[in-house]
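Since the structure comes first, as structure tokens, the remarks are kept for the end.
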Amino acid sequence: MPTLATHADPAPSRSIAEAVNRWFAGAARPLPWRAADVSPWAVLVSEFMLQQTQVARVQPRWEEWMRRWPTPADLAAAPPSEAVRMWDRLGYPRRALWLHRAATEIVERHGGAVPRDLDALLALQGVGPYTARAIAAFAFGERHPVVDTNTRRVIARAVGGVAEAGPPATARDLDAMSSLLPDDAAAARAFNAGAMELGATVCTARSPRCDDCPIATHCAWRAAGYPEYDGPRRARQARFEGSDREARGLVMRELRAAHRPVAPRELADVVAEPGRLARAVDGLVADGLAVRVEGGLALPEA
DNA sequence: CATGCGTGGTA
DNA sequence: TTACCAAGCAT
């Protein structure tokens, strides 16, 4: 991420944040976890679900989840298997396990209340630099820089003048956002959310809608004539068809549906290649998503 | 620091 | 159709 010193605007931080916040005040999508009366737990659940997963897929799952487990204690009282089943096909089912674990930790270490402190949040299973700050900022109004992939792209373009953000570097990314962040806590909170929203809906990776951009006049990438990205490319994702990831997903689908141990023979019907099946099962067991029991494989009951 | 980890939408 | 991308995290 290029430094602010290379930019000509003497005070880009103030103008960018102000413009984003003006736009966000009218353009924010009415996402249910942004409602004024939602609990910190509701925000936490949304952030787990939103890790690498789009809003449109998360929303219905989040509604169901909050209806069934409205507090950390409610989820902690359920077996992990039920969390994994409710997670259904949101993807990365480890997150369901992590969320269940985090709920347990919140009950055990924090009396059932989501902690406000950044270090306490970071200590929760499945909570990393992004999620911890998102909870602190959006659930509690704390003034922290929140940096996700959208924000990284917005800053790379508007401030850095380049098309893409390059590989993540947490410390640098947080510094870059900090230098743009308004002093006022409420404005900082809005800017954190607004920068993400801008990246998700306008300053998108594929087809950015620069004509509709509220910070077009501040954008260094635009000023530079939209140069193509020439930095290091992200490693290409392996083909999903025929992959171990796909096999894991197929096995998990069987385990969720079964409500009883699934025999090896049944799994072989789903993943024909023995080697691929074995790697998938071993991996799932290692991750705690599956347990070897009498009669085959099952979801973890504790 | 690079990888592996699900699933589905989009160009 | 294929490839890219998505409110990241743990290892």
Side-chain angles (χ1 to χ4, degrees), chain A residues 28-29 31-34 42-62 84 87-99 101-102 121-139 145-154 163-174 177 192-201 203-209 229 232-256 271 279-280 282-290:
Chain A
R29 294 168 292 178
L31 305 178
W33 47 84
R34 285 180 182 160
V43 173
L44 185 152
V45 171
S46 78
E47 294 300 345
F48 269 73
M49 292 185 170
L50 287 163
Q51 290 169 7
Q52 292 283 283
T53 308
Q54 302 88 333
V55 164
R57 294 178 54 205
V58 164
Q59 189 159 336
R61 185 66 44 207
W62 180 88
V84 172
W87 197 262
D88 197 35
R89 288 161 60 165
L90 251 195
Y92 293 140
R94 292 189 292 193
R95 292 182 294 164
L97 228 43
W98 293 342
L99 181 51
R101 178 88 57 88
L121 287 165
L122 283 166
L124 297 174
Q125 180 67 43
V127 174
Y130 164 75
T131 303
R133 287 172 179 80
I135 295 168
F138 301 141
V146 180
V147 180
D148 78 330
T149 185
N150 292 304
T151 296
R152 279 167 35 73
R153 184 174 52 252
V154 168
E164 297 182 28
T170 303
R172 274 202 304 282
D173 295 340
L174 289 173
M177 187 58 173
N192 278 317
M196 290 168 57
E197 187 86 342
L198 186 64
T201 63
C203 191
T204 56
R206 296 282 195 101
S207 311
R209 300 166 34 226
Y229 182 68
R233 304 296 316 208
R234 198 165 17 179
R236 212 180 59 117
Q237 234 177 39
R239 181 182 183 81
F240 184 66
E241 274 48 74
S243 68
D244 289 356
R245 285 164 88 147
E246 181 188 38
R248 287 170 57 107
L250 292 169
V251 170
M252 287 304 295
R253 188 181 302 207
E254 293 303 304
L255 298 189
R256 286 194 306 266
V271 180
R279 285 193 302 276
D282 288 349
L284 291 171
V285 170
D287 289 345
L289 279 166

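By convention in this document, chain letters (A, B, ...) are assigned in the order of the sequence lines, proteins followed by strands, and residues within each chain are numbered from 1.
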DNA chain C: 5'-most and 3'-most nucleotides touching chain A, 4.0 angstrom heavy-atom criterion: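 Taking any atom under 4.0 Å from a heavy atom of chain A, the span is C/dA3 to C/dA10.
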With a non-hydrogen cut-off below 4.0 angstrom, is [X] in contact with a base, only sugar-phosphate, or nothing?
{"X": "A/Arg253", "value": "nothing"}
{"X": "A/Pro168", "value": "nothing"}
{"X": "A/Ile135", "value": "nothing"}
{"X": "A/Val58", "value": "nothing"}
{"X": "A/Pro167", "value": "nothing"}

Where along residues 237-250 of chain A does a heavy atom come under 4.0 Å from DNA chain C, residue by residue in number order?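 DNA chain C contact set from residues 237-250 of chain A: A/Gln237, A/Arg239.
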Where the side chain of A/Arg152 meets the backbone of A/Gly166, is there a donor-acceptor pair that is under 3.5 Å apart?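 Side chain of A/Arg152 to backbone of A/Gly166: a pair is present.
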If we ignore hydrogens and angles and just use 3.5 Å, is the side chain of A/Arg256 paired with the main-chain N or O of A/Arg89 as donor and acceptor?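 Not a single qualifying donor-acceptor pair exists.
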OP1 or OP2 of B/dG9 versus the side-chain N and O atoms of A/Arg57: is any pair under 4.0 Å?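 For A/Arg57, the contact criterion (side-chain N or O under 4.0 Å from OP1 or OP2 of B/dG9) is not met.
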Starting the side chain at C-beta, find the nucleotide from B/dG9, B/dG4, B/dG8 nearest to A/Arg206.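 Nearest to the side chain of A/Arg206 among the choices is B/dG9.
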What interatomic distance, in whole Å, is found between C1' of C/dC5 and the corresponding atom of B/dC5?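 Their C1' atoms lie roughly 15 Å apart.
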Please measure how far the P atom in C/dT11 lies from the corresponding atom in B/dG6, and state the result in whole Å.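 Pairwise P distance, C/dT11 against B/dG6, rounds to 14 Å.
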Taking for each residue the nucleotide of DNA chain C bearing the nearest heavy atom, is the 5' side occupied by A/Trp33 or by A/Val127?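 Result: A/Trp33.
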